[in-house]
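Everything on this sheet refers to the single structure shown next.
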There are 2 protein chains.
Amino acid sequence: MRASERAYRALREEILDGVLAPGTALAEVEQANRLGVSRTPVREALARLEADGLATAASARVLQVSALDAASIVSLYEVREALEGQASRLAARRRDPARFAELRRRLAEAPELLDEGDDGLRAYYDVVDALDDEIEAAVANPMLAAALQSARLHSARVRRLARQHPERLRAAASEHLLIVDAIIAGDTDLAAHATHVHLHLSLRHALASIEERSALVSPTGTA
Amino acid sequence: MRASERAYRALREEILDGVLAPGTALAEVEQANRLGVSRTPVREALARLEADGLATAASARVLQVSALDAASIVSLYEVREALEGQASRLAARRRDPARFAELRRRLAEAPELLDEGDDGLRAYYDVVDALDDEIEAAVANPMLAAALQSARLHSARVRRLARQHPERLRAAASEHLLIVDAIIAGDTDLAAHATHVHLHLSLRHALASIEERSALVSPTGTA
DNA sequence: TCTGGCAATTGTGTATACATCGAGTTCCCA
DNA sequence: TGGGAACTCGATGTATACACAATTGCCAGA
């Protein structure tokens, strides 16, 4: 694999996992040394991260890992509502019912996966990701697909920050099931509205979850 | 200004203007020679263009100017409908009425600009751009703003491809006026729906316009 | 004449050297 | 002692050399 690709994936993974905390400076030489490649591929990786919105230019010459606070999570969900609402609507219009029927079966079994520990959790997320993939394919719109991919990237970051409770994931699975049913039925409005509902509840949970976490970190609530 | 920035803007301008036609190969050495800089800044410029969606990797080693056919225009408008609908909705909720009142005045005078030749046309587009800026500011969502900027880039390309008739622009101005009125009134649904209407009519015109143009190019309709 | 393989050319991927700009610090002068 | 200016240090911006891979064209053999 190309060095620039490895550098990009390594840095992206570290940002998503929080190993590189928000605000961390991303200097070319430092990262080049750390990753064992020259500045050239690191440069390209950093440019991609900035395009992704995972890194932000703090000043003309310093690049930082993007912030991930409540405000940016709300911003993300406002974008997701727009993009995923549209995607669900278009998928309901253009879908091949057979492909979603298979997915529906897997999704119906998802709640049980959550009793099976970490492997089950991974399998659960695989199903959810497969749903996103299927919707993206059904929409058949490369530009919308690119925008959705970007949103998925940021969603993954939020997901890892706000570790989900099993009961929330079980609820999310049933929300997803409703979206799939609406898509299979070709009910565009229901697909869009069910997506809206899912995102609303998901955001509420995410905000509560990080609130709770920051309360643990600073019981006085000053930071 | 940095060489990479100059290279990026030069290439972007040429793509938007159609000087570099869709499908044109963008080779590093060739562009570096042509633009009078080394491969390094050209490389960065090409990466940005690809991230923008103005260039597409045709294979592992060849980058091309992105296609701009009816299908991709429809795709663009599906994304715009999602993003701009959400933006109008949020702007109607968060706007400062005073700032949009000023804009409303300018927009009301826009139709007369269209009788004043090319300068008037430029002034007209300045007003429309100012509206986009104002909405973006009112929304106060950096992630949505970035997505909107990307859409505006592609919209500019379509705009230059499908030269607008004055009567269409006059109609568009009144559609914009309705959007502004809805935003000032804080009517979120009307703002979103008026945006939908505007985009629908705009797309219909754009498709008819390029249809007409391609009919001129190939009267048999085979290409 | 056609096909398959080899070689040459061309373009990208990476490393590195050099140029340039900015920031921070220190020293000098008021 | 405080403020300003210059210098130094370090980081990014750019150019270029080299390595490598792919594609294309040519030649030989069937």
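Proteins come first, then strands; the chains are lettered A, B, ... in the order of their sequence lines, and each starts at number 1. Predicted model only: the values in this text are computed from it and were never measured.
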Note to self: Holding to side chain to side chain donor-acceptor pair (under 3.5 Å), I want the full list of residues that pass it with A/His176, two or more places apart in sequence or in another chain.
What the structure shows: A/His198
Next item on the list: If a pair satisfies ring-ring contact (aromatic ring centres under 6.0 Å, His included) and one of its residues is in residues 37-64 of chain A, list it, with sequence neighbours excluded.
Entry: none
Check: Which parts of residues 37-50 of chain A get close to DNA chain C, meaning a heavy atom less than 4.0 angstrom away?
Finding: A/Val37, A/Ser38, A/Arg39, A/Thr40, A/Pro41
Margin query: Suppose we screen for ring pair (Phe, Tyr, Trp, His ring centres under 6.0 Å). Which residues come up paired with A/His196, at least two apart in sequence or across chains?
Written below: none
Check: Reckon A/Arg61 has a side-chain N or O less than 4.0 Å from the OP1 or OP2 of D/dT12?
Finding: no
Note to self: Which residues pass the side chain to side chain donor-acceptor pair (under 3.5 Å) test with A/Asp118, not counting sequence neighbours?
What the structure shows: none
Margin query: By the salt bridge (Lys or Arg N to Asp or Glu O under 4.0 Å) test, which pairs, at least two apart or in different chains, include something from residues 64-73 of chain B?
Written below: none
Check: What residue pairs, at least two apart or across chains, pass side-chain hydrogen bond (donor to acceptor under 3.5 Å, both in side chains) with a residue in residues 10-20 of chain A?
Finding: A/Glu13-A/Arg160, A/Glu14-A/Arg34, A/Asp17-A/Arg160
Check: Going by heavy atoms closer than 4.0 Å, what residues in residues 27-35 of chain A are next to DNA chain D?
Finding: A/Ala27, A/Glu28, A/Val29
Next item on the list: Enter the distance from B/Arg106:CZ to B/Asp126:CG here, rounded to the nearest 0.5 Å.
Entry: 7.0 Å
Next item on the list: Using side chain to side chain donor-acceptor pair (under 3.5 Å) as the criterion, list what pairs up with B/Thr40, not counting sequence neighbours.
Entry: none
Notebook entry, point to check: Does anything in residues 45-59 of chain A pair up under salt bridge (Lys or Arg N to Asp or Glu O under 4.0 Å), and if so which pairs, sequence neighbours excluded?
Noted result: A/Glu5-A/Arg48
Margin query: Below 4.0 Å from chain B heavy atoms, what is the first contacting nucleotide of DNA chain C and what is the last?
Written below: C/dG11 to C/dT14
Item checked: For DNA chain D, the residues among residues 52-60 of chain B that have a non-hydrogen atom under 4.0 Å from it -> none
